[in-house]
Amino acid sequence: MQVLFLASEIFPYAKTGGLADVAYSLPRALENLGVKVLRAMPLYQKVPWEGLVPLEKTLQVRLNGRPYTFRLFRKDNHFFFEQPELYDRPYIYGPPGGSYPDNDLRFGGFCWAVAEALGAGLLSADLIHANDWQTALYPVLHREIYRFPQPVLFTIHNLAFQGMFEKESLVRLELPWSLYHMEALEFWGKINLMKGAIVFSDAVTTVSRTYAQEILTYEYAYGLEGVLFKHRHKLHGILNGIDYQLWNPETDPHIYQNYSLRDPSGKEANKQAMLEELGVAAFFAEKPLFCFINRLSHQKGVEVLLSALPDLGRVNAFFIFLGEGEYGPQFYGLERRYPNMFAQIVFDEAWSRKVYAAADYILVPSVFEPCGITQLIAMRYGTLVVARRTGGLADTLVDVSYPGGYGFLFPDPTREDLLCGVKRAAELYNTHPRHFQKLRQRVMRLDFSWERSAKAYLRLYRSLLKGKR
Ligand SMILES: Nc1ncnc2c1ncn2[C@@H]1O[C@H](COP(=O)(O)OP(=O)(O)O[C@H]2O[C@H](CO)[C@@H](O)[C@H](O)[C@H]2O)[C@@H](O)[C@H]1O
């Protein structure tokens, strides 16, 4: 079986968040099950050219009334679509917290180019797997314009970003007006690419079972609950995993000292080294170390965090924040306001690994969370999780008050609930150190690798291929 996997970001070539993690690790896990997976993504400015081999034929795509030429480059099973006017820019989607005004053309154009490449025989696949709004036009083109025979699967990683544009984008994207109706792309007078993908794909998955339920409700669906409900027969929740080789404290070259489940003592050395690097070891060496590693956005509960800062400033613990996004500026100068806090407003993979390794706890107060990769990485590094019970967080964490539990869950994304979670966690650390160590070992023993979930995707691929025969 050969699958074409489309994503706007694939680690290590481009990453702004969890989509890149999944687009790296799921195809690899599928390859271990014998599936051949071709990956396709745009060639951004930051993708290194080393090892990229150009394909001879170029593609012409008509956008906004004129032709755009795409060149394809291949490296192993990765195909990069080059179009300098669209992708040769400093950011993938736009500056932190913003987006480029022509993202309709940038990502709609990518979908057109992929369809052209399939039509021209430059790519071939038994099944196409598209991901998130940036590739959501693909299923529409596949079914309604090119009328290709293969099944198409679409995965929703985040329903808050739907690829919504003014209806003029229909013209910019050279789409027929026949697609501008309620059963296709039209959405409250605009066009909605994710809606199109839900309507025209053969199956739709999202990244946890609980989120698959949640998105049928008004609170979580950002307006798409009706469309999703109508197509619920083809909706599946398959939990994300992480790559256990890529995220491994035993071999991670970025952390201060390697450690493992067999010998977790190095974890403490990471904490001490980090506190020393930050110049606060004298005050906080014996205190719990909390971290937050995520986009600084509404989804991640950042308003809640900001409102809780004065209270967290009084907790006898140290807090490290690592993130980038719309709320970034509000974290500037945090150290001056609160001596028990440190913030780094950047996207920095190496530093994130150091923080995962050093922290005792990670905070994930998300308003909604389709799956969440951060809590899975944290647990792999022996870091306990304090999180809001929602979406994939609810599916991957069990509160310590339950038998076999290992996390600190709170019900609502509010300042009070978050504080309650932090205080429970700090109390355990301060008063029951042996139990804390046991829990650390328990989370390191958990298995959130891809094996089981990749098998679920494979079963779904097979059932779709059977249905098409
Ligand atoms: N400042 C920073 N520096 C370095 N690394 C940083 C960073 N900020 C975040 N990261 C990294 O980005 C990733 C975040 O992944 P998540 O899945 O937790 O959230 P995201 O909302 O991006 O993903 C969406 O898609 C994924 C994949 O399906 C879903 O799990 C999730 O719920 C959904 O919102 C992690 O690998 C994390 O380490």
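Predicted model, so just to flag it, every value in this text is computed and none were measured. Numbering of ligands and ligand atoms starts at 1, following listing order.
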**Prompt:** Taking everything shown except Arg445 itself, do over 12 heavy atoms lie less than 6.0 Å from its CZ?
**Reply:** yes

**Message:** For Trp49, is the CH2 atom crowded, meaning more than 12 foreign heavy atoms sit under 6.0 Å from it?
**Reply:** yes

**Asked** Cationic tip of Lys354 within the cone over Tyr256's six-membered ring, i.e. under 6.0 Å and within 45° of the normal?
**Response** yes

**Request:** Heavy-atom cut-off of under 4.0 Å around ligand 1: list whichever protein residues fall inside it, by chain and number.
**Result:** Lys15, Gly17, Gly18, Leu19, Asp21, Val22, His157, Asn158, Val207, Asn240, Asn294, Arg295, Gln299, Lys300, Leu322, Gly323, Val346, Phe347, Asp348, Glu349, Ser352, Tyr356, Glu369, Pro370, Cys371, Gly372, Ile373, Thr374, Ile377

**Asked** Do the numbers put Arg232 on top of the ring of Phe229, so that NZ or CZ is under 6.0 Å from the six-membered ring centre and no more than 45° off the axis?
**Response** yes

**Electrostatic pair Lys15:Glu324 at N-O distance under 4.0 angstrom** = no

**Item:** Ring-face cation contact, Tyr100 with Arg106, 6.0 Å cut, 45° max
**Value:** no

